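Let me begin by presenting the structure, written as structure tokens, before commenting on it.
This one's a predicted model, so the numbers in the text were calculated from it and none came from an experiment. Sequence lines set the chain letters: A, B, ... in the order given, protein chains first and strands last, and positions in each chain run from 1.
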Amino acid sequence: MNINGVEIENTFAEAFEMWASRLIVTAVSDRWAMTAAQAATGCATSIVGCDCDAGIDGVLAPEQTPDGRPGVMVLFFTLSDRDMGKVLMNRVGQCIMTSPTSACYDGLDADTRVKIGGRLRFFGDGFQSSKLLEKRRLWRIPVMDGEFVVDESFSMRKAVGGCNFLILAEDERAALSAAETAVERIRDIPGVILPFPGGILRCGLKVGAKYKGQFAATNTAFCPTIRRQVAESKLPENVNCVMEIVVDGLDETAVREAMRVGINAACRAGVVRISAANYGGKRGRCHFHLHEIMGVGRTGDA
Amino acid sequence: MPCVSCAGLMMADRNGVVRLRFKGPAGASIEADSIRPDLFLSRTLVEIQALPALCDGRDATLGDLFHIEGDRSDRVVVEGDLRHVDKIGFEMSLGGIVVRGAAGACLGAGMRGGEIFVEGDVADLAGAQIQGGFIRITGNAGHGAGAAYPGEEHGANRGTIIIEGDAGREVGAKARRVLIAVRGSVGELAGADMTAGTIIGFGRIGKRAGEGNKRGTIVALGEAPDIPPTYRYECTIRPVFLRCYLLRLLALGLPVPQGAVDGDFRRYSGDITSLGKGEILVYAKP
């Protein structure tokens, strides 16, 4: 399969079932809403080394937020529902509550809920109070600039994390440029995040390593500087740089659309092949076959 | 103006509705606590006509007092001179009632869910001790809207009451969790002995508001009220939580003053003779 002269490899991306929560962070201005959102989603590139995957899902106009102020939607992904409680407690408490003028609301409609405001309220030292507006319980925690307002609980749902595609290019400039274009397009799609810096991952990983205690290592099959030293290299001769786009989404449909849009955008001059990372299909339940996503029937696993 | 919540109710007026037209006796004191959508939903017309009521303290049926059309619906329209018909929607849990004209006392008292829309005034104790649901009154309300029955310990607990006219004394007294918005003026002792909840007054708020208030919020969007001496000025802030409330009221079609959503409020905390964690927020107009 070819798109704009770029080969789409007949393989699949292996993704995982995760839990997701969406928060709406508001503040007095766009700037402070984004500041709080960025702080809350910091150091959350991958559950391999962080407590969660997290990223910014989109910006909301004042009329789209519960309190009529500028807002930012952020998504958090964890491996279990129990982990989500710890993640949100830490990140809402340490990064959003501490940010000037911020407030934090549930941005998802799902049945499974985790209590966050209802636990953070104890920071109010007895001076916290709650408000019940129809079905929404808000906690008001007194802070030095007024009050931090936060929902009693946040909903979460099963989601998809770790979907990906690889951009194999002739050189660094072509790889980065194609990846940047893909990221720009994917960011328009609601319900997905790209958790790595700038949406791009340059150090994909493989499961297992030669060193004891190291359960993951650099994806040697796609590292150009060692292509002659590893038997499993998957790099064509004319490929000298690879970038990976990792997609987490609220559901398979959103992830599939992000992959389709991203791959289409990445198929441009200097790019040789689009591939995907998988672990033989044994680790993740969700398999995203590139050919199927790009509009032709599945033709078999890699 | 019908609110967003009542739009579906109004549309349902044409079909699939149980319609009750009061036939008298005029001036008699009626207790019609069986006018409840949840009771009508599974009943035939004959069964609805046989539901009990009280007329001047004597046993009667709905069929004795009302011309009734329709059956098996949770959409109800009540018409006629209903000023002496009490307890419409009493303890209802679902569905909707439209009252065309003034209604008697205890309208929607103790209701747990559903909606009541009154095109006129209501007498005392509208929405008393409600535990959920939505009441909108286009006219004035008597005393004790959303409050506790005399001698009872707790008033409204959850639910929303919108009064587009004036309200009498003791609005929301002993209430918690409820939202009561009054577009006109509010009588004395609003929010007295509130445990929690929110009362928003667009007009003048009478004296002794929030007396004995534990954790409730009284918001004055109009004329600055007399602040009881048991309240203390804390600060002038822009309360974020209040924005959520005012935006909800705007969505319901209430005329929240321009600038109030983004505006400053003077915050008084009290009542210090009680728990002291309640508040009166007074809109500090620019």
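- Neither the backbone nor the side chain of R176(B) comes within contact range of chain A; no heavy atom of the residue lies under 4.5 Å from a heavy atom of that chain.
- When the shell of 6.0 Å around NZ of K214(B) is examined, it contains more than 12 heavy atoms from other residues, nucleotides or ligands.
- One finds the CD atom of E147(A) at 14.5 Å from the CZ atom of R238(B) (value rounded to the nearest 0.5 Å).
- Within a 6.0 Å radius of CZ in R208(B), other residues, nucleotides and ligands contribute 12 heavy atoms or fewer.
- Residue R137(A) touches chain B through its side chain alone, counting heavy-atom pairs closer than 4.5 Å.
- In this structure, the separation between CZ on R136(A) and CZ on R248(B) is 12.0 Å, given to the nearest 0.5 Å.
- Within 6.0 Å of CZ on F16(A) lie more than 12 heavy atoms contributed by other residues, nucleotides or ligands.
- The backbone N or O of G68(A) lies less than 3.5 Å from a partner atom in the side chain of R243(B), making a donor-acceptor pair.
- V240(B) and A103(A) make their closest contact through CG1-CB, 4.0 Å (heavy atoms, listed as atom of the first residue, atom of the second, distance).
- Around atom CD of E63(A), more than 12 heavy atoms belonging to other residues, nucleotides or ligands sit under 6.0 Å away.
- Between atom CG of residue L247(B) and atom OG1 of residue T65(A) there is a gap of 7.5 Å, rounded to the nearest 0.5 Å.
- Atom CZ of R112(B) is surrounded by more than 12 heavy atoms from other residues, nucleotides or ligands within 6.0 Å.
- Using a 4.5 Å cut-off between heavy atoms, Y105(A) contacts chain B through its side chain alone, with no backbone atom that close.
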Report the C-alpha distance between R140(A) and T217(B) in whole Å, list the side-chain angles of each, state the deciding distance to 0.1 Å, and finish with yes or no for side-chain contact (heavy atoms from CB on, under 4.5 Å).
CA-CA 12 Å; R140(A) 304 163 57 192; T217(B) 300; 3.8 Å; yes

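- Within a 6.0 Å radius of CG in D188(A), more than 12 heavy atoms belonging to other residues, nucleotides or ligands are found.
- The neighbour count for F127(A) CZ, taken as heavy atoms of other residues, nucleotides or ligands under 6.0 Å away, does not exceed 12.
- Listed options T26(A), L133(A), V28(A), T101(A) were ranked by heavy-atom pairs under 4.5 angstrom with chain B; first place goes to L133(A).
- There is no contact between E234(B) and chain A, counting heavy-atom distances below 4.5 Å.
- Taking D145(A), D67(A), L138(A) one by one and counting their heavy-atom pairs under 4.5 Å with chain B, the maximum is reached by D67(A).
- When the shell of 6.0 Å around CD of Q64(A) is examined, it contains more than 12 heavy atoms from other residues, nucleotides or ligands.
- The structure places NZ of K131(A) at 9.0 Å from CG of L179(B), a figure rounded to the nearest 0.5 Å.
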